[in-house]
Asker: 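Supplied in C-alpha cells, the structure appears directly below.
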Amino acid sequence: MPELPEVETIVRRLRPLLSGQRVTSVAVRWPRIIDRPAPDRFARELVGRAIQGIERRSKFLVFDLAPLSLLVHLRMTGQFRYRPPGSTLADDRHVHVVLGLSQGTLLYRDLRKFGRLYLVADPAPVLSNLGPEPLGNAFTLNHLQKALWRRRRAIKPLLMEQTVVAGLGNIYVDESLWLAGIHPLRRAHTLDRSETARLYGAIRQVVAQAIANMGTTLRDYRDPHNRPGNNQTALAVYGRRDAPCRRCGQPVLKTTVNSRGTHYCPRCQPLPGATS
DNA sequence: CCAGCCCCCTGTCGGC
DNA sequence: TGCCGACAGGGGGCTG
C-alpha cells in the first residue's frame, strides 16, 4: 500500500502529535509483526523512551528514541492511528501493537499483517540495501544513468528493487514510466541518454506531486487521522485499465510484469522490436 | 544476474 | 445465493 509519498505524509502528521511524548506502555497482540528484538524484549526496551523526532527513509518510518531507533515498514496495509487522550476510537481486530503515550495512544493497524517493526541501536543494517531518495541530492541523472547501464533487467522490476532509487512501489513506477514514455519491459541498459533523462525527471515529478497531494488512496491508505489522500484523481495509468490515455486517448492496457499488475499506454510507451 | 515460484495474511470482487 | 479463484499499493527467500 504505502509508498514513499504516503509514508512521508504519515510522518509529517505524526511529528506534531508525538514529538516529545514518552512511551508509557507497549502491548503486542500479534508477535510476528515485531521483527527484532524478540517481542517481549521489544516491549520492555521501548517503555519509558522519549520520542525525540520522526523521520522517513524510503518507505520506512524512523522514530528517534535515542539511543535506540524504532523502524517501521508498513508493507501493504500497515497504518498508524493516533488516539487522543480520552478517546476510545479506532481499536479493532486489526490493531496489533498499542503504544500508550504520555498524551494519548498510538495504534499500529495492519489488515494483512505484512508490516514489520524493528527496535535497533543501529538502523544501518535494516536500511543497507536502499538506493538514494528520489528527491534527495544523491539521486542524480548521472547516478541513474550508471545504474541502468549496468543492469539488463526490465526497467519496471528494476525500479521496484529499491536499490537504484528507493521508495517507489507499483503505483509510482507505472506512473513514472508513463510520464517518461517508456515501456515497463524495456531492458534497463537499452535506455538512451534522453530516455534516461525523461525517466529521471518523471520519477521526481511523480513523487513530488504525490507528496503534495498527500498520497494515493485506492483502498486502504489512511493517515493517522484516518483521512485518505488526494492523489488518486491525478493518476495517469494506474487503475485506469481501458480508460483513455491522458496524452493520446488510446485505451490504457493492464498486463502482468513479474507477477505485478502493470498499467501502461501502448502508444505512448512503445516496446521497440515488438508489436505492443 | 535474473525469471519465476513460494511464503507471509485478510478481504473483496467477478465469474460460474 | 454461494462457492472459488484471482487479485491487492511489499518484500524476503529459494531454485534453476
Side-chain angles (χ1 to χ4, degrees), chain A residues 1-10 29-36 39 56-61 71-80 92-97 108-118 125-131 134 147-178 184-190 206-207 209-211 213-223 228-242 254-263:
Chain A
M1 164 181 66
E3 306 178 31
L4 185 159
E6 290 74 35
V7 177
E8 178 64 25
T9 303
I10 293 166
R29 299 176 183 173
W30 187 262
R32 291 156 78 79
I33 291 277
I34 310 303
D35 187 280
R36 67 191 75 168
R56 179 193 58 71
R57 172 69 173 109
S58 183
K59 303 174 193 173
F60 285 85
L61 295 99
L71 310 188
V72 181
H73 198 302
L74 304 171
R75 297 282 180 92
M76 294 286 266
T77 53
Q79 303 176 333
F80 277 107
D92 61 42
R93 85 183 75 180
H94 299 304
V95 171
H96 307 306
V97 181
Y108 177 74
R109 249 185 126 248
D110 194 341
L111 190 148
R112 294 178 73 180
K113 301 176 178 167
F114 288 167
R116 291 293 179 266
L117 279 60
Y118 311 71
V126 180
L127 307 175
S128 63
N129 292 324
L130 296 173
L148 298 192
W149 172 69
R150 293 142 51 83
R151 304 292 302 273
R152 306 183 68 83
R153 280 200 100 171
I155 186 67
K156 168 155 180 176
L158 181 60
L159 293 176
M160 299 284 292
E161 263 184 23
Q162 311 299 309
T163 53
V164 171
V165 59
L168 303 181
N170 212 26
I171 295 179
Y172 300 120
V173 166
D174 280 4
E175 292 296 307
S176 298
L177 290 172
W178 176 83
L185 287 177
R186 285 286 301 283
R187 302 280 146 182
H189 68 108
T190 69
V206 162
V207 169
Q209 178 203 260
I211 292 172
N213 285 333
M214 295 176 288
T216 300
T217 299
L218 294 177
R219 11 165 51 110
D220 300 307
Y221 168 70
R222 301 278 157 153
D223 78 5
N230 300 317
N231 197 59
Q232 50 280 7
T233 56
L235 298 180
V237 284
Y238 195 91
R240 296 191 68 245
R241 163 149 65 173
D242 297 332
K254 183 179 181 190
T255 60
T256 297
V257 173
N258 283 51
S259 56
R260 302 303 300 266
T262 297
H263 302 74

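On a predicted model such as this, the values are computed, not experimentally measured, just so you know. Below, chains carry the letters A, B, ... as their sequence lines are ordered, and counting in each starts from 1.
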Asker: Using a cut-off of 4.0 Å on non-hydrogen atoms, how would the nucleic acid contact of A/Thr216 be classed: base, sugar-phosphate, or nothing?
Answerer: base
Asker: Under 4.0 Å between any heavy atoms, over every strand shown, what does A/Tyr221 touch: base, sugar-phosphate, or nothing? Just pick one.
Answerer: base
Asker: When rounded to the nearest Å, what value does the distance between P atoms of B/dC9 and C/dC4 take?
Answerer: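 Those two atoms are separated by 22 Å.
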Asker: Rounded to the Å, how far apart are A/Asn129 CG and C/dG11 P?
Answerer: 12 Å
Asker: Please list each protein N or O that sits under 3.5 Å from an N or O in nucleotides 6-10 of chain B, with the distance.
Answerer:
{"unit_1": "B/dC8", "atom_1": "O3'", "unit_2": "A/Arg32", "atom_2": "NH2", "d": "3.0"}
{"unit_1": "B/dC9", "atom_1": "OP1", "unit_2": "A/Arg32", "atom_2": "NE", "d": "2.4"}
{"unit_1": "B/dC9", "atom_1": "OP1", "unit_2": "A/Arg32", "atom_2": "NH2", "d": "3.3"}
{"unit_1": "B/dC9", "atom_1": "O4'", "unit_2": "A/Arg112", "atom_2": "O", "d": "3.4"}
{"unit_1": "B/dC9", "atom_1": "O2", "unit_2": "A/Arg112", "atom_2": "NE", "d": "2.8"}
{"unit_1": "B/dC9", "atom_1": "N3", "unit_2": "A/Arg112", "atom_2": "NH2", "d": "3.3"}
{"unit_1": "B/dT10", "atom_1": "OP1", "unit_2": "A/Lys113", "atom_2": "NZ", "d": "2.8"}
{"unit_1": "B/dT10", "atom_1": "O4'", "unit_2": "A/Leu111", "atom_2": "O", "d": "3.4"}

Asker: Quick one: do A/Lys156 and A/Asp174 make a salt bridge, cutoff under 4.0 Å?
Answerer: yes
Asker: Could you check whether A/Asp220 gets within reach of a base, just the sugar-phosphate, or nothing at all, counting any heavy atom under 4.0 Å?
Answerer: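 Base contact.
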Asker: Once Watson-Crick and G-U wobble pairs under 3.5 Å are found, how is DNA chain B written in dot-bracket notation, 5' to 3', with | for any base paired to another strand?
Answerer: .|||||||.|||||||
Asker: Determine, step by step, whether A/Lys113 and A/Ile33 satisfy the side chain to side chain contact (heavy atoms under 4.5 Å, CB included) criterion, reporting the C-alpha distance in whole Å, the side-chain angles of both residues, the deciding distance to 0.1 Å, and the verdict.
Answerer: CA-CA 7 Å; A/Lys113 301 176 178 167; A/Ile33 291 277; 4.3 Å; yes
Asker: Taking only the P atom of each, what is the distance from C/dG5 to B/dC6 in whole angstrom?
Answerer: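 Those two atoms are separated by 14 Å.
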Asker: Nearest to the side chain of A/Arg153, heavy atoms from C-beta on, is which of B/dA3, B/dC1, C/dG10?
Answerer: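 Nearest to the side-chain atoms of A/Arg153, counting from C-beta on, is B/dA3.
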Asker: Who pairs with A/Thr190 by side chain to side chain donor-acceptor pair (under 3.5 Å), at least two apart in sequence or on another chain?
Answerer: A/Arg186
Asker: Between the side chains of A/Arg75 and A/Asp110, is the shortest nitrogen-to-carboxylate-oxygen separation below 4.0 Å, so that they form an ion pair?
Answerer: no
Asker: Between the main-chain N or O of A/Gly215 and the side-chain N or O of A/Glu6, is there a donor-acceptor pair closer than 3.5 Å?
Answerer: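 Here the side-chain-to-backbone pair does not exist.
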